[in-house]
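Just so you know, residue 1 is the first one in the sequence shown, and it goes up from there.
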Amino acid sequence: MKEWCSMSTVEKVFKILELLGSGPHSFTEIQKRLQLPKSTAWSLLSRMESSGSIEKDETGKYQLGHLILRLGLAMYNNLNVKIQAEPIMAKMAQETNEISHLCILDKSRMDVVYIAKIEGPSSIHIKTSVGSSNPSYCTAAGKVFLSHLSHRDLEDYLQNITLISYTSNTITKKEDLMLELADVREKGFAIDRGEHIEYSTGISAPVLDHQGICIAALSITGFTERMLEQQESFIQLVKQYASELSHLMGYPHK
């Protein structure tokens, strides 16, 4: 019992979730199995039920709730899209001689997070690494995600973001960003024209799941001069490979 008294609330919550991962349990089973005081068990379970992390089954026993299911599915999608993307990214990096990135959106900070990176044979050095993040408004992948937000979510984002200038090309006016995102939405791809790193340009297209939700963004990044020379062919290539990856994730071909 002393061990439980010294545990933080977060640790106790995870112990409960771990127990329920093995199957439904009654209040008494949880309280006795984890040696929690009844008042503590009742308080924790009530709050967890309110959050949707646990729920009661038809017998009144506690089980994992819809929130945990949703988080689990999101984690599976992120892992699955990375596995499916890596062969496609390798081909794209080889064909373009540039860097191929796969990004997801950190919805808490609204930044793009790099979950995979493959360098082409002659690609330039770009300071990106798996697990790192960058602002959405000045990166090609970020613009892809922003263009797929609902009108309300985009308004919330713009109200809470300061468009800091990273280079002379960074979009710093919200009305200009809105116009840029409308163009991205219409054309199905986004370009970062040296807006985050002066000498680099990125081209990105959305990866959609079976519901048409943008779950990732596939990009190529390279030295601006080289990227501009082959911009049209690179745009088509990125869109093609993003479409192939979307199909693998369950999005139907049109």
Side-chain angles (χ1 to χ4, degrees), residues 17 20-21 51-55 57 63-93 95-96 100-118 130-131 133-134 136-137 139-157 180-192 202-221 234-254:
L17 292 174
L20 295 183
S51 72
S53 57
I54 63 173
E55 59 191 24
D57 64 13
Q63 63 182 7
L64 295 178
H66 63 274
L67 175 61
I68 300 302
L69 175 62
R70 191 164 71 246
L71 293 174
L73 287 172
M75 182 178 178
Y76 171 78
N77 282 338
N78 289 344
L79 176 62
N80 192 33
V81 71
K82 182 176 182 292
I83 292 171
Q84 298 287 356
E86 285 178 339
I88 290 175
M89 293 173 64
K91 286 194 294 182
M92 192 164 70
E95 289 180 33
T96 62
S100 177
H101 287 117
L102 184 70
C103 301
I104 59 173
L105 181 66
D106 178 351
K107 293 183 180 179
S108 63
R109 298 171 54 195
M110 295 302 290
D111 288 344
V112 290
V113 179
Y114 301 90
I115 62 171
K117 175 182 179 179
I118 296 180
V130 173
S133 62
N134 278 321
S136 292
Y137 66 90
T139 56
K143 291 179 190 178
V144 165
F145 287 117
L146 293 180
S147 73
H148 278 78
L149 292 179
S150 67
H151 181 72
R152 180 175 180 178
D153 287 344
L154 182 56
E155 280 191 337
D156 288 343
Y157 171 77
E180 175 85 358
L181 296 178
D183 191 53
V184 172
R185 206 174 292 116
E186 179 183 348
K187 294 180 178 178
F189 68 90
I191 299 180
D192 152 25
I203 300 171
S204 186
V207 178
L208 310 176
D209 68 5
H210 65 287
Q211 296 178 303
I213 296 171
C214 182
I215 57 172
L218 186 66
S219 307
I220 53 171
T221 304
F234 281 180
I235 287 171
Q236 296 309 313
L237 195 67
V238 173
K239 290 179 69 176
Q240 173 195 327
Y241 280 131
S243 177
E244 288 183 19
L245 183 53
S246 296
H247 182 62
L248 291 174
M249 300 307 297
Y251 186 70
H253 279 307
K254 294 182 178 179

Check whether any side-chain heavy atom of [X] lies under 4.5 Å from a side-chain heavy atom of [Y], and answer yes or no.
X	Y	answer
Lys187	Ile235	no
Tyr114	Asn134	yes
Phe189	Val238	no
Leu17	Leu64	yes
Ser100	Tyr241	no
Leu146	Met110	yes

Can you name the closest pair of heavy atoms from [X] and [Y] and give their distance?
X	Y	answer
Pro206	Ala242	O-CB, 3.5 Å
Val144	Cys214	CG1-SG, 4.0 Å
Ala85	Leu102	CB-CD2, 3.6 Å
Lys143	Glu180	NZ-OE2, 3.0 Å
Ala216	Val81	CB-CG2, 4.2 Å
Ile215	Phe145	C-CE2, 4.2 Å

> How far apart are the C-alpha atoms of Leu181 and Leu149, what are their side-chain angles, what is the distance that settles it, and do they pass the side chain to side chain contact (heavy atoms under 4.5 Å, CB included) test?
Replying inline: CA-CA 10 Å; Leu181 296 178; Leu149 292 179; over 6 Å; no

For the atom pair [atom1] ([X]) and [atom2] ([Y]), what is the distance rounded to the nearest 0.5 Å?
X	Y	atom1	atom2	answer
Ser246	Gln84	OG	CD	11.5 Å
Ser150	Asp156	OG	CG	8.0 Å
His101	Ile115	NE2	CD1	11.5 Å
His148	Asp153	NE2	CG	13.5 Å
Met89	Lys117	CE	NZ	10.0 Å
Glu86	Leu245	CD	CG	11.0 Å

> Taking only residues two or more places apart in sequence, or in another chain, which ones meet Thr139 in a side chain to side chain donor-acceptor pair (under 3.5 Å)?
Replying inline: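 Scan of Thr139 (side chain to side chain donor-acceptor pair (under 3.5 Å), adjacent residues dropped) gives none.
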
> Between Lys239 (side chain) and Ala205 (backbone), is there a donor-acceptor pair under 3.5 Å?
Replying inline: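 Checking the backbone N and O of Ala205 against the side chain of Lys239, no donor-acceptor pair under 3.5 Å is found.
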
> Between Leu208 and Met249, is a side chain to side chain contact (heavy atoms under 4.5 Å, CB included) present by the stated rule, with each step listed?
Replying inline: CA-CA 7 Å; Leu208 310 176; Met249 300 307 297; over 6 Å; no

> Will you find, in the side chains of Gln236 and Gln240, an N or O donor that is under 3.5 Å from an N or O acceptor?
Replying inline: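 Note: Gln236 and Gln240 side chains miss the donor-acceptor criterion.
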
>> If you apply the rule side chain to side chain contact (heavy atoms under 4.5 Å, CB included), what do you find for Leu218 with Met92, and how did you get there?
In response: CA-CA 10 Å; Leu218 186 66; Met92 192 164 70; 3.7 Å; yes

> Passes side chain to side chain contact (heavy atoms under 4.5 Å, CB included), Leu248 versus Ile88? Steps please.
Replying inline: CA-CA 11 Å; Leu248 291 174; Ile88 290 175; 4.0 Å; yes

